[in-house]
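What follows is one structure encoded as structure tokens, with my remarks underneath.
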Amino acid sequence: MEGRFYITTPIYYVNAEPHLGHAYTTIVADVMNRFHMLMGLETYFVTGTDEHGDKVVKAAKGAGEDVKRYVDMMSERFRNLWPKLNITNDYFIRTTYSHHIETVQHILNLVNDKGDIYFSDYQGMYCFGCERFYTEKELIDGKCPDHMTEPVLINEANYFFRMSNYQDWLIDYIKRNPDFIRPERYKNEVLSFLKDPLEDLCISRPKKRLTWGVPLPFDENYVTYVWFDALINYISALNYPEGELFKRFWSYANHLIAKDILKPHAIYWPCMLKAAGIEPYRHLNVHGYWKVDEGKMSKSLGNVVKPLELVDIYGVDAFRYFLMREMVFGLDSDFSEEALVGRINADLANDFGNLVSRSFTMAKKFQDGRVLEPEVIEEEDREIRKEVLTTLDDYCRFMEALGFHKALIRIWELIGRLNKYIVTQEPWVLAKKDRARLKAVLYYLIQSIKAISFMLWPFMPETCERIQIRLNLQKRGRDIKIDDIREWKDKELVVSGPIQLFPRVDIKRLKKHKMEEKKKTISVTQKHEIGIEEFQKLDLRVGVIKHAEKIKGSKKLIALKVDVGEERTIVAGIGNAYSPETLLGKSVVVVTNLKPVKLMGVESQGMLLASEDRSGLKLIVPDGDITPGSQVR
Ligand code: MSP
């Protein structure tokens, strides 16, 4: 593989919180970026936020915020999420940055000077959700296909980009460069769209309707259409035209998007580049959509999947692995937490985790962690080496062709093969009767695990680096290059201790919680209201735990002495979540006027308030010091 690698994600609108879809695209971009680092290429990775236009203004108003303050706040949510998903972006672009705005104006001037922009009256059907005009043909039953709302007839004078001038050039370019748009289905979709005459693109919005945008450099009464502004981020991020980064990276540009924004990227953007005298990007890589319960994720349905919640519960690498393994790049996939847990238990805890933990434990136990190059090897060892090398070749081929799930399937075949190798070679038997064979088997196992940690690093960087640290490797993470895998010539590897990579997840517990959560939401909405007098019947007080001990014969119950102005004995079912020592001195909220009950022979004179979700049970505690016995209202 030669040259450099420049990868971009769409810049996300700041009118909504980041969700699974945004996380997926950015993780794929990260996997591609890390893979190219592994291949020894110089890489550059840009993501960011799209902050102009109607939608954003409406969202800011809806939130009762000043627009600039709103976009600053929302942009931060995206920027702060990426480190938590271990994203290696080199730059984060915002369309409100002045250098981006200047680049947009520069391009507008270039295209205008060339005669490719004209002013004209226009009447058309406008969808405010999409912020664009629709032709009759594009509407479904007279409605916007995305928002299912009727567009509004708008009559206004605007500036237009002569996109139609570039139609023939674009068709020819796509045909001559078959992997310009990939996978092929999307290339075909674009070519089929281009069979009809291309309309010119309306690239302005009058300021009387919208002021939140990049002012047109040649007419102060207008701002730039949000897509004409947004697409230019891909070059303003490289400091076009003079920037060193632009010179180094533009010819290697790979855009990554989902199918929803195919048209602006496959049609508007190449035409804009051509008109501005800039060479086209190298590849447009298009993936499908994550759905939930076979439908769209949407706020109103309450099924928006939040990446951080999953990462907090299952860990970042499990989440990254699942998304990359489950979706066939280019096609849609259905997201479910059950499927995520299924993969964690089967692929990660069982296959991969067991292989590594068994091998490391045996290396430690039988050879005190010293894994030495063997003097004698057998055919089955040679086969293992061959298998690692063919896996590597297949892996590279799949990764270059966007077949991420295939690359993972291939690595898991190797993992399966290694687990079998352990079963057939029986190192625990060799430890007793054939130390020379044991040495060879452990060496081939640990070398293979090392190779796997290199290949899987783009997908699960934290886990792979943990393995590399345990193996005391000098080169780790992004210092490792693909040829390091081929070499296989360590004289000695040292395993410094056992390792547990992925704990199994209890699917029954997950299901129980889901059911309970569902019940809770239903009961919250259906519960009948009570008056304040009824609520006041409860005597809630702040208490401080003075003493705690487990009740014999019970896993869950803890007997507490709590100071609520006076000392009370309270039996609480919190033993699965708290050990007695961690409770001492804690302030809690106590219901003090419940009828006493006996639990496992101990009388409980009150109840602590707690809450539970999938992440576990937590006590409700006051936000700061409050004298014990104070009332809770
Ligand atoms: N701001 C424009 C992009 C301008 S790029 C010059 C935009 N923003 S967006 O916030 O709506 O992001 C759309 C992108 O988010 C998709 O192309 C995709 O990368 C990602 N996804 C959003 N929802 C998704 C799914 N349900 N599934 C997969 N990815 C999706 O469009």
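Residue indices begin at 1 and follow the sequence shown. First listed ligand is number 1; within each ligand, the first listed atom is number 1.
At a heavy-atom cutoff of 4.0 Å, ligand 1 is contacted by no atom of Thr9, backbone or side chain.
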TODO: Tell me, with the steps shown, if Phe249 and Phe45 meet ring-ring contact (aromatic ring centres under 6.0 Å, His included).
DONE: CA-CA 10 Å; Phe249 285 103; Phe45 174 6; over 10 Å; no
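For atom 28 (C) of ligand 1, the nearest non-hydrogen atom from the set Ser333, Pro10, Gly288 belongs to Gly288. Relative to atom 5 (S) of ligand 1, the option among Tyr234, Tyr12, Tyr24 with the closest non-hydrogen atom is Tyr234.
Judged by the shortest distance from any of its heavy atoms, Lys291 lies outside the 4.0 Å radius around the atoms of ligand 1. Using 4.0 Å as the threshold, His19 has a heavy atom nearer than that to some atom of ligand 1.
Close approach to His22 involves these atoms of ligand 1, each under 4.0 Å from a residue heavy atom: 10 (O), 15 (O). Each of the following atoms of ligand 1 lies closer than 4.0 Å to a heavy atom of Met297: 26 (N). Which parts of ligand 1 touch His287 is read off a 4.0 Å heavy-atom cut-off, strictly below it: atoms 19 (O), 28 (C), 29 (N).
Between Ile257 and ligand 1, a contact under 3.5 Å exists for no N or O pair.
Among protein heavy atoms, atom 24 (C) of ligand 1 sits closest to Gly21 CA, 3.4 Å. Residue, atom and distance of the protein heavy atom nearest to atom 16 (C) of ligand 1 are Asp260 OD1, 3.3 Å.
Considering Tyr395, Trp457, Phe5 in turn, Tyr395 is the only one that fulfils the ring pair (Phe, Tyr, Trp, His ring centres under 6.0 Å) rule with Phe35.
Ion pair Lys259/Glu189 not flagged as a salt bridge, since none of the NZ, NE, NH1 or NH2 atoms sits closer than 4.0 Å to an Asp/Glu carboxylate oxygen.
The closest side-chain heavy-atom distance from His100 to Arg94 is not below 4.5 Å.
For the residue pair His265/Tyr234, the side-chain donor-acceptor check at 3.5 Å is satisfied.
With a 6.0 Å cutoff to the six-membered ring centre and a 45° limit on the axis angle, Arg325 does not count as a cation-pi contact of Phe352.
Heavy atoms from other residues, nucleotides or ligands lying under 6.0 Å from CD of Gln123 number more than 12.
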